[in-house]
Number of protein chains: 2
Amino acid sequence: MSGKKPIGRPANQDASTALKAVALRLVRELGYEKVSVSEIIEQAGVARQTLYNRWNTKADLVLEAVFEQTNTYAAEPSWDGAEDCRTLLEGFLIRIFEHLRIDGDTLRALIAASQQDAKFHKSFHANFVLPREEMITALLRRAQDHGELSPGRNVETLSALIHGAFWYRLLNRGVLDAGFAKEIVAETFA
Amino acid sequence: MSGKKPIGRPANQDASTALKAVALRLVRELGYEKVSVSEIIEQAGVARQTLYNRWNTKADLVLEAVFEQTNTYAAEPSWDGAEDCRTLLEGFLIRIFEHLRIDGDTLRALIAASQQDAKFHKSFHANFVLPREEMITALLRRAQDHGELSPGRNVETLSALIHGAFWYRLLNRGVLDAGFAKEIVAETFA
DNA sequence: TTGATCATTAGACTGCCGTCCACTAACTAC
DNA sequence: GTAGTTAGTGGACGGCAGTCTAATGATCAA
């Protein structure tokens, strides 16, 4: 598939990377709400329309900018280590929480934005929410296979409980640290 | 205390009730985002400033309007029934979920708004979030006292897990029904 | 070269929230 | 009564996100 040369003026890739870089920097510096689109395009040196050619909203741009970083942070836990699933889950949560120390405020803003824009909610859910949910359910299922977790437990509900716990803390600006991760795991496997 | 006559022109109570009634109706009809302040004040027949004399933002007004309704819906579970705590918790969650069928979308919008306005977050947390969280922790503590729940479990963490589960479902537009309530309780007491 | 197609630019424009202002209305204290 | 204080009215205003337009630029196909 493809090999087809696209017709018309090609999109300027530098503009995209500049926009993402500026957006990520400004959002981390000032916070999502305080960064205006005008400020972003000015510092990136492009026109307003150029931004909206690639992303539907400010939230889409910031999501993509953060997403590239996040994938390097919170990758899947190494599957083949000698550790048990409980330790794997704990490490996975701890790594997520560490990343949230940097981008937690931005993520809060994106969750808020996703409640206000149905289209953005879809892509946010597909790119951010679902993948993480699936990692946890897979981990829990593996724990069941290994006999670490009773086969009678409902893995989907457990996953909702675990994810919900840190969403709840995040949105209520509670503490998200290794201690909380340990407690979550302890209650899950209790 | 009081008996002191306040000085100056007294606030028109009708304006407040009209604003709350109109806001609640419009928000339920059209959804929070689609209702503009201009529409609310026009239908309530008051000036813009009158609204902002009583509430800081649209979110504050809607919160209060919904809050009055919610208190009639999701009151504390009757403490002295013969039921066990597990059943109490289940009934409590089911009643919350029923109310969310009506105002769930509005609550989602308010949660979003609370992420974008620190002052509103404070009052939202104090009026809405904390009271419910305390009801659940109290219920869980009681379950420990009655021997229904192991005394080794961390009640605060469990409460975060339970609340988080339905926040997570709510914000991701998942299904919130009696079945989910039962599953939550089952996993909590597992 | 010429025409078609898509990207970029600068800027005007709409609709929104929340603020501000000048004026008027209602009430208390004296 | 009159002065002081607070609330309500109507409308202007500023700042924001996102849309739209007209002109220019870059690339491919014939």
Side-chain angles (χ1 to χ4, degrees), chain A residues 2-20 22-23 26-27 30-63 109-110 112-121 123, chain B residues 2-20 22-23 26-27 30-63 109-110 112-121 123:
Chain A
S2 89
K4 270 284 184 56
K5 282 261 167 141
I7 205 152
R9 176 174 177 171
N12 179 6
Q13 195 52 46
D14 293 349
S16 297
T17 55
L19 281 166
K20 282 187 280 190
V22 169
L26 284 180
V27 159
L30 310 172
Y32 183 87
E33 314 292 341
K34 295 213 191 304
V35 178
S36 69
V37 169
S38 300
E39 184 73 20
I40 294 175
I41 60 174
E42 188 183 331
Q43 292 206 19
V46 304
R48 197 175 192 75
Q49 186 58 42
T50 302
L51 191 160
Y52 287 103
N53 280 346
R54 293 166 172 69
W55 297 280
N56 289 324
T57 64
K58 186 174 84 165
D60 286 278
L61 163 60
V62 173
L63 171 61
L110 290 179
S114 78
Q115 304 304 314
Q116 293 160 343
D117 179 341
K119 265 200 295 189
F120 177 63
H121 185 274
S123 85
Chain B
S2 89
K4 271 285 182 56
K5 284 261 168 140
I7 205 155
R9 176 174 176 170
N12 178 6
Q13 196 51 46
D14 293 349
S16 298
T17 54
L19 281 166
K20 282 186 280 189
V22 169
L26 284 180
V27 159
L30 310 172
Y32 183 88
E33 313 293 341
K34 295 212 190 302
V35 178
S36 70
V37 168
S38 301
E39 184 72 20
I40 295 175
I41 60 173
E42 189 184 330
Q43 293 206 17
V46 303
R48 197 175 193 74
Q49 186 59 41
T50 302
L51 191 161
Y52 287 103
N53 279 346
R54 294 167 172 68
W55 296 280
N56 289 323
T57 64
K58 184 173 84 166
D60 286 278
L61 163 60
V62 173
L63 171 62
L110 290 178
S114 78
Q115 303 305 313
Q116 293 160 341
D117 180 339
K119 264 200 295 188
F120 177 64
H121 185 274
S123 84

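Naming: A, B, ... by sequence-line order, numbering from 1 per chain. For clarity, every value in this text was computed on a predicted model and none was experimentally measured. Heavy atoms only: backbone and side chains are in, while hydrogens, waters and symmetry mates are out.
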- [ ] Of all the heavy-atom pairs spanning A:A112 and B:Q116, show the shortest one and how long it is.
- [x] CB-NE2, 3.8 Å
Open item on the list: Output the rounded distance in Å from CD (B:E39) to P (C:dC16).
Closed with: 9 Å
Open item on the list: Does C:dA7 have OP1 or OP2 under 4.0 Å away from a side-chain N or O of A:R48?
Closed with: no
- [ ] Return the nearest nucleotide to the side chain of A:Q49; candidates are D:dT21, D:dT9, D:dA7.
- [x] D:dT21
- [ ] Measure from CH2 on B:W55 to P on D:dG8 and round the result to the nearest Å.
- [x] 10 Å
- [ ] With the side chain of A:S36 defined as its heavy atoms from C-beta on, choose the nearest nucleotide among C:dT5, D:dC16, D:dG18.
- [x] D:dC16
Task: Cation-pi geometry met for A:K58 and A:Y32 (6.0 Å, 45°) - done: yes
Task: Shortest non-hydrogen contact between B:V37 and B:R48, atoms and distance - done: CG1-NH1, 3.9 Å
Open item on the list: Using whole Å, what does the distance between atom C1' of nucleotide D:dG18 and atom CG of A:D60 come to?
Closed with: 12 Å
Open item on the list: With a 4.5 Å cut-off on side-chain heavy atoms, are A:L61 and A:L51 touching?
Closed with: yes
Task: Contact under 4.0 Å: A:T50 side-chain N or O vs C:dT9 OP1/OP2 - done: yes
- [ ] Start with the C-alpha gap between A:W55 and A:S16, add the side-chain angles, then the distance that decides, and say whether side-chain contact (heavy atoms from CB on, under 4.5 Å) holds.
- [x] CA-CA 10 Å; A:W55 297 280; A:S16 297; 4.3 Å; yes
Task: Interatomic distance where CD belongs to A:E33 and P belongs to C:dC17 [whole Å] - done: 16 Å
Task: Nucleotide of C:dG18, D:dA26, D:dT9 approaching B:A47 most closely (side-chain heavy atoms) - done: D:dT9
Task: A:N53 vs C:dT8: side-chain N/O to OP1/OP2 distance below 4.0 Å - done: yes
- [ ] Report the nucleotide, chosen from D:dT6, C:dT19, C:dT5, that has the shortest atom-to-atom distance to any side-chain atom of B:R9.
- [x] D:dT6
- [ ] Round to the nearest Å and state the distance from B:Y52 atom OH to D:dG10 atom C1'.
- [x] 15 Å
- [ ] Give the nucleotide from the list D:dG18, D:dG8, C:dA7 with an atom nearest to the side chain of B:A11.
- [x] D:dG8
Task: Between C1' of D:dA17 and CG of A:L61, the distance in whole Å - done: 13 Å
Task: B:I7 or B:V37, whichever maps to the more 5' nucleotide of DNA chain C - done: B:V37
Open item on the list: Measure CD/B:Q116 against P/C:dC17 and give the value in whole Å, please.
Closed with: 13 Å
TODO: Report the distance from atom CG of B:L51 to atom C1' of D:dG10, rounded to the nearest whole Å.
DONE: 15 Å
